2 protein chains.
Amino acid sequence: MGKTNCTRNREDLACYAYDATARTYMPDAVLFPQNAQEISAVVNLANKDGFFVIPRGAGSGMTGGSLAVRGGVVLVMARMNRILKIDKDNLIAHVEPGVVTGRFHKAVEKEGLFYPPDPSSSEFSTLGGNVAECAGGPSAVKYGVTRDYVLGLEAVLPTGEIISTGVQTAKGVVGYDLTRLLVGSEGTLGIITRMTLRLLPQPEVVRVMTAVFDKIALAAETVSAIIRSGTIPRAIEFMDNASIRCVASHLKIALPVEAEALLLIEEDGKPDEVDLAIEQIKALCLSQGAKRVEIAGTKAEAENLWRARKAISPALFQYGPDKINEDIVVPRSKIPDMVKKISALRAETGLTMVSFGHAGDGNIHFNIMLDKKNEAQLKKAEGAVEALFDYTLQLGGTISGEHGIGITKAPYLAKEIGNDAMNLMKKIKKLFDPNGILNPGKIFPSA
Amino acid sequence: MGKTNCTRNREDLACYAYDATARTYMPDAVLFPQNAQEISAVVNLANKDGFFVIPRGAGSGMTGGSLAVRGGVVLVMARMNRILKIDKDNLIAHVEPGVVTGRFHKAVEKEGLFYPPDPSSSEFSTLGGNVAECAGGPSAVKYGVTRDYVLGLEAVLPTGEIISTGVQTAKGVVGYDLTRLLVGSEGTLGIITRMTLRLLPQPEVVRVMTAVFDKIALAAETVSAIIRSGTIPRAIEFMDNASIRCVASHLKIALPVEAEALLLIEEDGKPDEVDLAIEQIKALCLSQGAKRVEIAGTKAEAENLWRARKAISPALFQYGPDKINEDIVVPRSKIPDMVKKISALRAETGLTMVSFGHAGDGNIHFNIMLDKKNEAQLKKAEGAVEALFDYTLQLGGTISGEHGIGITKAPYLAKEIGNDAMNLMKKIKKLFDPNGILNPGKIFPSA
């Protein structure tokens, strides 16, 4: 691959040793491949010489999917960053995995099109990383997650073959669904080298509003009431008091820091329809006990609201040097129960707990801020996470909505899916990657 | 399982020997299981005693997925037909596989909800069969296919284990996507025993219109023009002259039998929005050269239009005793090319060819009516299918949009996906079903 596409300098390696979990594992080398053939050659060598290969997008993953936990060669996909085609007639795009999601959003918007998946990291995360982790985002409540927009893939298998999966058309069912088997497989079954993505026409207008609640339980119940009313907004986001305070002080902006909860609700569509929907939701929020409802009048106001919402995750570190970050989903109607449970856990442990997320689809990002060097704190926090996961499963929920399993949730996988399903998944991994060279130590609990 | 759940009478077996391909293979026995445990017991016995097991919904599949091509025990899922729960708050339903799709549609509509997948066979096909084949239907252009509505499954593996996959929540990414690996796997990787399906709020109104074209090329171009205009209708269906004539005589109804093509376009949403969209599409169709546009004024008129569209497939047998039925998809913008190709093939072979289908997503159901006993006809027809598939792939299309591969398209699978992907799929089959007891002879070309 040539010297310019490869580095073993310690300073360089350090740049690719971390991710959003704030854990660090030094790789042995970092490569910047430019095409599938180069990747195939690296993979063949890895099988021959017995080294690990770890594909990496922007390193913004929340569960450690791109970390070189056992060393090895990190493949940074940044140079495979071409938007190959945006096909307006067929509402599809062909892209390479290193394209930054936000750049892709802008490119399709210029054509009057819309690519819904919008993880909070979209300004720096890559489409390849989004596909590998099956990223979601606020618009998932109405538009679904990354999985729903991937029509086909090109990927290098852990055994070196370059395969094409899926279709370039609106639909197709030709053999087993290798496309969706790769989506969300966290870089353990193949290295994605090209993607065919589905696009939609751009909604004519987007409007956003906030509803402020004195009581968090009222906010939680309002989410169900909105869905029951027969409309699915483009987003229904949720911030608890700790999130509101945190962002207000971090961004130095005015937010209702006394409120127990804030809902951020977005609608899109045709102008009349959106205006009507916003008015109906406003009335509904007020009737459910919202203290105040504000509709963003300008684009700048709307952008500020979203800036606040998206800043929560990085801003949290002002509460403590370490973060335990969970990504549970419960049936929407169970959000009030989950909110009560989190209050109880906070009272019980005395730990700083922050909840926010995609309330519209029941997806709560639950964070404990702590100092992991404080062993008593850490033990309490781990107990709280365990209790939270148990309760999530009891409510019919899942332990990962959109962040994946990676390393941080691997110990809990079997609890949700059972041993038979986990063993089947392990066998699939072994089938794809007999020598275990690709992204080891992820998803499955270590032996 | 008891005598009442099992039969080996020849008359009974004959009832489960056919499907919509009109091919017949006699099973050795037919069982009517009532739960996953019974199925697991049968599967365990099959592995021990070495017989084949073939799951079967309504037998309405188009590619032979439910046929006992090598004999064995057919599992008819008709007794597992309970709608277990329709959860309005969380927009999900729990169902058993034997539920007839049309019955499920009615049940969710009663709750003000909507389950979009609507194969033309929905009055008799089952949800389990729909999931196994990843059925589509007219509304796929706007709402996607069955895959997009399956959140989780319970299934009996070919090795007897009962596993749960996926989630009961709006989203989730916990390990490999076994759910979508089972969806569309045509009953070869597991026997689905329970499904969690995603629902939507019911659109307030649905309106349908037809546009009649003298020239088929104009109709084909109009489809692209509609999509380019920035709206995705609920359906854009297409009937060629042979389809129109066939249905008109079969149902004895008035249809524009002189037209080269008819588009059936449906919109849904809020009343004002739908009225506006219908008027805009009407204007667009006329500007594209439609001879006449008619908007269904009443529900009865709309139902009649759909009755005509859905009657095509069974009505075709008046053109010949045998049908070769293909289900190609091309990028929407390539429909005009495909229409030209079909005309050329018709002229070249002199065979009766009928095309109709889901033009909105480029999915054309292409049929050749013939007498298979006439060897010259059969040879010509097979040559035409081969030429059509080659051209489909050349246009960036797929050989199966929603009917699956089954037995009828197995010889063509590698042509589309390549040997590496096919070998990987074969290995997945072997991993799931080491003894090869489940639904043998499907998807992969016979050795």
Side-chain angles (χ1 to χ4, degrees), chain A residues 88-91 112 134 136 140-141 145 148 161 163-165 167-178 180-181 183-185 201 224 227-228 230-232 270 273 329-333 361-363 396-402 404-405 413 416-418 420-421 424-425 427-428 431 443, chain B residues 88-91 112 134 136 140-141 145 148 161 163-165 167-178 180-181 183-185 201 224 227-228 230-232 270 273 329-333 361-363 396-402 404-405 413 416-418 420-421 424-425 427-428 431 443:
Chain A
K88 207 172 164 173
D89 277 356
N90 296 303
L91 298 177
C134 193
V141 58
V145 295
D148 303 306
E161 300 92 334
I163 62 164
S164 288
T165 73
V167 290
Q168 302 171 46
T169 46
K171 61 183 172 189
V173 48
V174 176
Y176 301 145
D177 193 345
L178 298 178
R180 277 124 202 132
L181 189 57
V183 174
S185 69
S224 275
I227 299 290
R228 255 200 316 273
T231 182
I232 300 186
K270 295 191 188 290
E273 176 197 327
V329 191
V330 294
R332 284 177 200 101
S333 63
D361 45 28
N363 187 188
T398 175
I399 63 169
S400 182
E402 52 184 25
I405 298 297
L413 179 66
E416 175 164 343
I417 67 172
D420 284 338
L424 185 59
M425 290 182 190
K427 284 191 214 161
I428 292 173
L431 171 69
I443 301 182
Chain B
K88 206 171 163 170
D89 277 356
N90 296 304
L91 298 177
C134 192
V141 59
V145 295
D148 303 306
E161 300 92 334
I163 62 164
S164 289
T165 73
V167 291
Q168 302 171 46
T169 45
K171 61 184 172 188
V173 49
V174 176
Y176 302 145
D177 193 344
L178 298 179
R180 278 125 202 129
L181 189 57
V183 174
S185 68
S224 274
I227 300 291
R228 256 201 315 275
T231 181
I232 300 186
K270 295 192 188 290
E273 177 197 326
V329 191
V330 294
R332 283 177 201 102
S333 64
D361 44 29
N363 188 188
T398 175
I399 64 170
S400 182
E402 53 184 25
I405 298 297
L413 179 65
E416 175 164 342
I417 67 171
D420 284 338
L424 185 59
M425 290 182 190
K427 284 189 213 163
I428 292 173
L431 171 70
I443 301 183

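Everything numeric in this text was worked out from a predicted model, so none of it was measured. The chains referred to below are lettered A, B, ... by the order of the sequence lines, with proteins before strands, and numbering in each begins at 1.
Residue contact with chain B, scored on non-hydrogen atoms closer than 4.5 Å, involves the backbone and the side chain of A:V174 alike. Heavy atoms closer than 4.5 Å to chain B are found in both the backbone and the side chain of A:V329. For A:L431, the part lying under 4.5 angstrom from a heavy atom of chain B is the side chain only. Residue contact with chain B, scored on non-hydrogen atoms closer than 4.5 Å, involves the backbone and the side chain of A:E402 alike. Contacts between A:S400 and chain B at a heavy-atom distance below 4.5 Å involve backbone atoms as well as side-chain atoms.
Residues B:T398 and A:K171 share a closest heavy-atom pair of CG2-O, 3.6 Å.
Side-chain contact between B:D89 and A:R228: present, with at least one pair of heavy atoms (C-beta onward) separated by less than 4.5 Å.
Taking A:S164, A:P201, A:C134 one by one and counting their heavy-atom pairs under 4.5 Å with chain B, the maximum is reached by A:P201. Taking chain A as the reference chain and counting heavy-atom pairs below 4.5 Å, the highest number among B:V141, B:I405, B:V183 is found for B:I405. By number of non-hydrogen pairs under 4.5 angstrom with chain B, the leading residue of A:S224, A:G175, A:A140, A:G362 is A:G175. Contacts with chain A were tallied for B:G184, B:G136, B:G396, B:G112; B:G396 has the most, counting heavy-atom pairs under 4.5 Å. For the options A:I163, A:D177, A:T169, heavy-atom pairs under 4.5 Å to chain B are most numerous at A:T169. Ranked by non-hydrogen atom pairs under 4.5 Å with chain A, the options B:I443, B:N90, B:D361 are led by B:N90.
Once rounded to the nearest 0.5 Å, the distance linking CD of A:E273 with CD of B:E273 reads 4.0 Å. Taken from OG in A:S333 to NZ in B:K88, the straight-line distance is 13.5 Å, to the nearest 0.5 Å.
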